[in-house]
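To start, the structure under review is shown below, and the notes come after it.
What you are looking at is a predicted structure, and each value in this text was computed from that prediction instead of being measured.
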Amino acid sequence: MTALAESGIANALRRNIAIIAHVDHGKTTLVDAMLHQSGVFRANERVEERALDNIDLERERGITIMAKNTAIHYRDWTVNIVDTPGHADFGGEVERTLTMVDGVLLLVDASEGPLPQTRFVLGKALEHGLPAIVVINKIDRKDARPAEVLDEVYDLFIDLEASEQQIDFPVLYANAKAGTASEDPDEPGLNLRPLLDAIVGQLPPPQGDPEGALQIRVANLDSSDYLGRIAIGRIVNGRVALGDEIAVSKLDGSVAQTRVTKLYVFDGLERAEVEQAAAGDIVCLAGIDDITIGETITAPDDPQPIAPMQVDEPTVSMIFGVNTSPMAGQDGQYVTSRRLRERLERELVSNVSIRVEDTDSPDQFQVIGRGELQLSILIEMMRREGYELQVGRPQIVTRERDGRIEEPVEELVIDVAEDYQGVVIEQLSARRATLNRMANHGSGRVRLEFLIPTRGIIGFRSQFLTDTRGTGIMNHLFAGWEPWNGPIAGRLTGALVADRPGKATAYAIYNLQERGEIFISPGTQVYEGMIIGENARPSDMDVNVTKEKKLTNMRAAAADDALRLVPPRLLNLEQSIEFINDDELVEVTPGSIRLRKRILGATPRARSQPSPGH
């Protein structure tokens, strides 16, 4: 122990690693294979695919939203693993996760190569001085190009100004789905042993002094109905035992004293209760009220706080408000501003990358986050928990520098079939995007790289998928701040707005179809000011969607044939948020997602519009 302490190694038989990659490059699938091959599960145990994606939304969308901890045992070593989200909007999860680990596995798709989020997560890891093992995954793909992808990874490391030690990384070629890895792309592996050997052999053990003063940086939070709030973090120095008196160094500089009531370490998908833990371990502590991410658990007689972590600033804001539609309160359990405020404050505790600010109205709150996806996931979670709310169109956050307004810009990478590159470039040019690079790998698809104001991306995804017949792939990442780029045109079409309450009829919808695209089905309950479709023309149109056919004694041949209705375009939450203009809102309840005008009545709405001469 003395020799280890002198060398700065906290525990030679521990490895703390994070798995980082772009979205859908196979992180969670690789963790699955590592859990299976390390003997975490019984041979006859039924285990869901992507076992760590345990939130319903994660399973439905196939993405990781929250960082998760697990641990496996390999020979004499315990390997603590953190699975991180792959989408840029959840970058705050990655940033705080990296404070717990000593090395990273960087997964890169053998065909797609490094993408924007690969650059983001690797940049963060290199800033923390972490060494990496590069795993080129999905080596079994027909369009795999491992040699070229490896060259692109080296270019990325150099571009991110990695040190010589960091660039000298080991490379493995894996098929996470089959659970194999090898050091040679032409020799398929038999299992993940080469990867596990590289983790314990190439990545460093945790540094720290087990005999020093206690320091635990809180990097994540969990909660339990029985234990209350649970702090998750890594012991940087010292030891902690069940029943110990500890101090919590708050972000405002104050110190609160408390006691450890439960102490856990990770073991597979479970938490194992332990009596004590030392420097280098990743632990969960219960019994600490009001603790938040970034605070330090330390010794009460010698408090030594760790500097709080820095996360990137959020760039997109939305107004969350109490639902004020005529149908408010019919679906939801929580409908008041007090409930809405409590829920948003609870989100702030565990989500370091969003901010909530009050507005002029007590019924509305400005929620600022990393992007549309992050905020729409929050809205969807609230909806499933029984909340009713209404949200406005996403707006960007600007800043003033040297007397001029600056706005956030993003690096946008588009992957499309060659036939669609013209229409995509034309659409993005209208949104003030600049084409920086075009690459054609000869597979019939083209990769286009743009720099675009964040404003230009809001509402673009739906149009992009329509233009590319659903075959296009787009990824974007915050790239910095630039002077204001000038106006960007919004939606070019108007809305079809219901002019009275009632039930939508097939007869009325049939006669409105030629006016534009309908969003609702016959029998849907509507109210005045509710948007029921998209007008083919630029102006809004008030329509009667509840009109019924008048019955007479006269009948013409074939007059009563069944009406042929075009199937409605049913918008999900993201599509609804992208569709609305500044004078429109999305009404979100547990049972429905409706679009509405901010001012419901047709007459006051017309008065509020600027006259053509102004």
Within the distance-only criterion (no hydrogens, no angle test), does the side chain of [X] pair as donor or acceptor with the backbone N or O of [Y] below 3.5 angstrom?
| X | Y | value |
| --- | --- | --- |
| Thr468 | Phe464 | yes |
| Arg15 | Ala12 | yes |
| Asn237 | Asp209 | yes |
| Asp281 | Ala278 | yes |

State whether the number of non-hydrogen atoms from other residues, nucleotides or ligands found under 6.0 Å of Glu161 atom CD is greater than 12.
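Open.
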From Ile72 atom CD1 to Ile81 atom CD1, the distance as rounded to the nearest 0.5 Å
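The CD1 atom of Ile72 sits 4.0 Å away from the CD1 atom of Ile81.
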Salt bridge check, [Y] against [X]: does any charged N sit closer than 4.0 Å to a carboxylate O?
| X | Y | value |
| --- | --- | --- |
| Arg437 | Glu411 | no |
| Arg141 | Asp109 | yes |
| Arg447 | Glu112 | no |
| Glu273 | Lys262 | yes |
| Arg259 | Asp244 | no |

Would you say [Y] and [X] are linked by a side-chain donor-acceptor pair, where the criterion is simply a distance under 3.5 Å?
| X | Y | answer |
| --- | --- | --- |
| Asp197 | Tyr74 | yes |
| Asn16 | Asn80 | yes |
| Glu449 | Asn436 | no |
| Ser376 | Glu574 | yes |
| Asp143 | Ser111 | yes |

Listed by chain and number, what are the side-chain hydrogen bond (donor to acceptor under 3.5 Å, both in side chains) partners of Arg234, not counting sequence neighbours?
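Applying side-chain hydrogen bond (donor to acceptor under 3.5 Å, both in side chains) to Arg234 gives Asp102.
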Can you see which heavy atom on Glu152 is nearest to which on Gly113, and at what distance?
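It is OE1-CA, 3.8 Å.
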Contacts under 3.5 angstrom, residues 293-301 side chains, donor-acceptor by atom type, not counting sequence neighbours:
{"unit_1": "Glu295", "atom_1": "OE1", "unit_2": "Thr292", "atom_2": "N", "d": "3.2"}
{"unit_1": "Glu295", "atom_1": "OE2", "unit_2": "Thr292", "atom_2": "OG1", "d": "3.0"}
{"unit_1": "Thr296", "atom_1": "OG1", "unit_2": "Ile306", "atom_2": "N", "d": "3.0"}
{"unit_1": "Thr298", "atom_1": "OG1", "unit_2": "Leu214", "atom_2": "O", "d": "2.9"}
{"unit_1": "Thr298", "atom_1": "OG1", "unit_2": "Gln304", "atom_2": "N", "d": "3.0"}

